[in-house]
Number of protein chains: 2
Amino acid sequence: METVSSNSLAQVANVKPAQLRKDLAYFGQLGTRGLGYPVELLLETIRDVLGRATLQPVILVGVGNLGRALLHYDGFKKEGFEVLAAFDTDEKTLKQKGLSVPLLHDDEMTPFIKKYNVRMAILCVPAQYGQEVANVLVDAGVQGILNFSPTILQVPEQIVVTRVDLAMELESLSYFIDQ
Amino acid sequence: METVSSNSLAQVANVKPAQLRKDLAYFGQLGTRGLGYPVELLLETIRDVLGRATLQPVILVGVGNLGRALLHYDGFKKEGFEVLAAFDTDEKTLKQKGLSVPLLHDDEMTPFIKKYNVRMAILCVPAQYGQEVANVLVDAGVQGILNFSPTILQVPEQIVVTRVDLAMELESLSYFIDQ
DNA sequence: TGGTGTGAAGTGGTTCACAGCA
DNA sequence: TGCTGTGAACCACTTCACACCA
């Protein structure tokens with residue numbers, strides 16, 4: 001199998017073919033009229049476009065249940081992200097063993113971020129600390145935050161925040177299915 | 001404090017005031033011109049609109065790292081969702097203790113869903129089983145799936161799927177911050 | 001013939017701006 | 001005066017539909 005059509009790709013991705021073509025067209029002329037997209041070229045190009053992403057060091061802040069789960073989650077590694085260290089303030093939490101990354105006190109966060117030039121952080125602290133910790137992260141030089149705390153973070157414009165609020169996802173789901 | 005203005009609400013929610021007003025207007029005439037929205041009425045109305053959501057039973061399928069973390073996550077409870085049971089196929093997994101909900105074999109899923117009239121499921125199985133398990137869920141009567149598996153599920157039109165792909169969130173983040 | 005690339009039309013959601021009411 | 005509710009303008013994204021090329 002040397003080529004794929006926008007049609008077949010669209011089908012598995014659950015989008016319309018025209019959508020997919022328009023999106024791919026942003027990366028330049030990839031496809032061949034009448035044939036489709038050469039699979040190899042397509043893979044290369046996508047890898048390339050997302051490519052510069054793949055070596056970024058990441059830290060995780062807040063090693064509660066969710067934080068711990070994310071540390072064990074190997075999906076990040078697979079996509080090429082490396083969680084360099086985890087941070088927490090709780091003394092009991094800091095004593096736990098068996099994590100695959102160093103577990104440090106929040107106090108060491110700023111120097112760590114600067115030393116390793118960390119650009120992205122995964123934030124899993126309780127809601128009430130979300131903003132406070134985010135401020136530290138941003139001041140230290142973090143540019144993107146994946147926010148699992150149920151808080152709306154107020155950050156400078158150039159900082160990107162992606163929020164994942166699990167309870168809200170469920171709520172939204174239940175809103176749509178109820179009739 | 002008896003009333004709030006769309007302005008102040010918009011500020012904390014990080015949206016434009018007009019947006020907020022338009023959204024609230026869908027619930028009827030809530031605000032008073034020149035004054036703002038009566039806080040109590042607003043709370044009541046929102047609770048009401050989302051209200052029917054709040055008593056839904058939920059099951060969780062796939063008790064790997066992520067699934068286990070979600071079982072410990074108390075954000076669901078706080079929003080009024082009750083995880084009735086968790087399901088897995090792995091014998092070792094099924095033997096573990098210390099969970100706050102019954103842990104059952106996948107084979108018992110369909111009767112369980114029917115018995116308790118479960119409408120929503122949290123799906124945390126490995127990618128390769130996602131579709132298969134989703135089919136079982138849908139056939140049993142589940143109408144909404146919160147999908148943590150990195151799979152695009154093909155489901156009947158009336159079924160709602162919300163996908164949370166953690167690695168992809170990070171990837172998107174890193175795409176936007178890199179310049 | 002089959003399937004991309006892409007202007008043009010359509011769509012849905014956002015923002016403006018202001019009339020109208022406390 | 002202050003602030004909502006809302007038509008109208010705007011905008012970004014989606015879809016259509018077709019020229020064009022292997």
Side-chain angles (χ1 to χ4, degrees), chain A residues 1-50 152-155 157-158 160-163 165 168-169 171-173 175-177 179, chain B residues 1-50 152-155 157-158 160-163 165 168-169 171-173 175-177 179:
Chain A
M1 186 155 173
E2 309 255 302
T3 61
V4 250
S5 68
S6 59
N7 238 297
S8 49
L9 283 176
Q11 210 160 7
V12 298
N14 251 8
V15 297
K16 301 254 157 74
Q19 177 74 81
L20 203 139
R21 290 205 299 278
K22 201 139 238 188
D23 288 354
L24 288 181
Y26 277 108
F27 306 152
Q29 172 126 351
L30 294 175
T32 316
R33 293 167 195 230
L35 258 176
Y37 299 91
V39 176
E40 266 315 313
L41 175 62
L42 194 55
L43 281 172
E44 251 172 61
T45 309
I46 292 175
R47 261 198 285 263
D48 222 56
V49 172
L50 298 175
I152 305 267
L153 300 176
Q154 306 290 344
V155 295
E157 213 179 334
Q158 75 277 15
V160 189
V161 176
T162 305
R163 200 158 76 99
D165 184 331
M168 188 162 292
E169 298 287 354
E171 210 157 78
S172 134
L173 199 61
Y175 176 78
F176 283 112
I177 67 170
Q179 65 264 352
Chain B
M1 187 155 174
E2 308 255 302
T3 60
V4 252
S5 68
S6 60
N7 238 298
S8 49
L9 284 176
Q11 210 160 8
V12 297
N14 251 6
V15 297
K16 301 255 157 72
Q19 177 74 79
L20 203 138
R21 292 206 297 281
K22 202 138 237 188
D23 287 354
L24 288 181
Y26 278 107
F27 306 152
Q29 172 126 352
L30 295 174
T32 317
R33 291 164 197 235
L35 259 177
Y37 299 91
V39 176
E40 266 315 316
L41 175 62
L42 194 53
L43 281 172
E44 252 171 62
T45 310
I46 293 175
R47 261 199 285 263
D48 223 54
V49 172
L50 298 177
I152 307 266
L153 300 176
Q154 307 289 344
V155 295
E157 213 178 337
Q158 76 277 15
V160 189
V161 176
T162 304
R163 200 158 76 100
D165 184 331
M168 190 163 291
E169 299 285 355
E171 211 157 77
S172 136
L173 199 60
Y175 176 78
F176 284 113
I177 66 171
Q179 66 265 349

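In the text below, chain A, chain B and the rest are named by the order of the sequence lines, each starting its count at 1.
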Handout entry: Whole angstrom value for the distance that separates P of D:dT6 from CG of B:L30
Key = 11 Å
Practice task
Would you mind reading off the distance between A:D23 atom CG and C:dT6 atom P, rounded to a whole angstrom?
Solution key: 13 Å
Problem - Interatomic distance, B:F27 CZ vs D:dT4 P [rounded to whole Å] - result: 16 Å
Practice task
State which of D:dT4, C:dT6, C:dA22 makes the closest approach to the side chain of A:A25.
Solution key: C:dT6
Handout entry: B:Y37 side-chain N/O to D:dG2 phosphate OP1/OP2 under 4.0 Å
Key = no
Handout entry: Side chain of B:A18 (C-beta onward), nearest among C:dA17, D:dG7, D:dA19
Key = C:dA17
Practice task
Output yes when at least one side-chain N/O atom of A:K16 is less than 4.0 Å from OP1 or OP2 of D:dT14, else no.
Solution key: no
Completion exercise
Rounded to whole Å, the CG-C1' distance (B:L9 to D:dG2) equals 16 Å
Problem - Side-chain donor/acceptor of B:R33 to base of D:dG5, under 3.5 Å - result: no
Handout entry: Side-chain donor/acceptor of A:K22 to base of D:dT15, under 3.5 Å
Key = yes
Handout entry: Given D:dT4, D:dC16, C:dG5, the nucleotide with the shortest approach to the side chain of A:Q29
Key = C:dG5
Handout entry: Atom pair CZ/OG1 of A:F27 and A:T45 - distance to nearest 0.5 Å
Key = 8.5 Å
Exercise for the section: Measure from the side-chain heavy atoms of B:S5 and tell me the nearest of D:dC3, D:dT15, D:dG5. Expected result: D:dC3
Fill in the blank from the handout: Assert: residue with more 5' nearest nucleotide on DNA chain D, out of A:R21 and B:N7, is B:N7
Problem - Selected nucleotide, minimal atom distance to B:T32 side chain, candidates C:dA22, D:dA22, D:dT4 - result: C:dA22
Problem - Proximity to the side chain of B:Q19 - top-ranked nucleotide from C:dT15, D:dC18, D:dC3 - result: C:dT15
Problem - Touch class at under 4.0 angstrom, heavy-atom based, for B:G31 against every strand present - result: sugar-phosphate
Exercise for the section: Under 4.0 Å between any heavy atoms, over every strand shown, what does B:L24 touch: base, sugar-phosphate, or nothing? Just pick one. Expected result: nothing
Handout entry: Value in whole Å for how far the P atom of D:dT6 lies from OH of B:Y26
Key = 11 Å
Handout entry: Side-chain touch B:L42/B:V4, heavy atoms, less than 4.5 angstrom
Key = yes
Practice task
Taking only the side-chain nitrogens and oxygens of A:S6, find out if one of them lies under 4.0 Å from OP1 or OP2 of C:dT4.
Solution key: yes
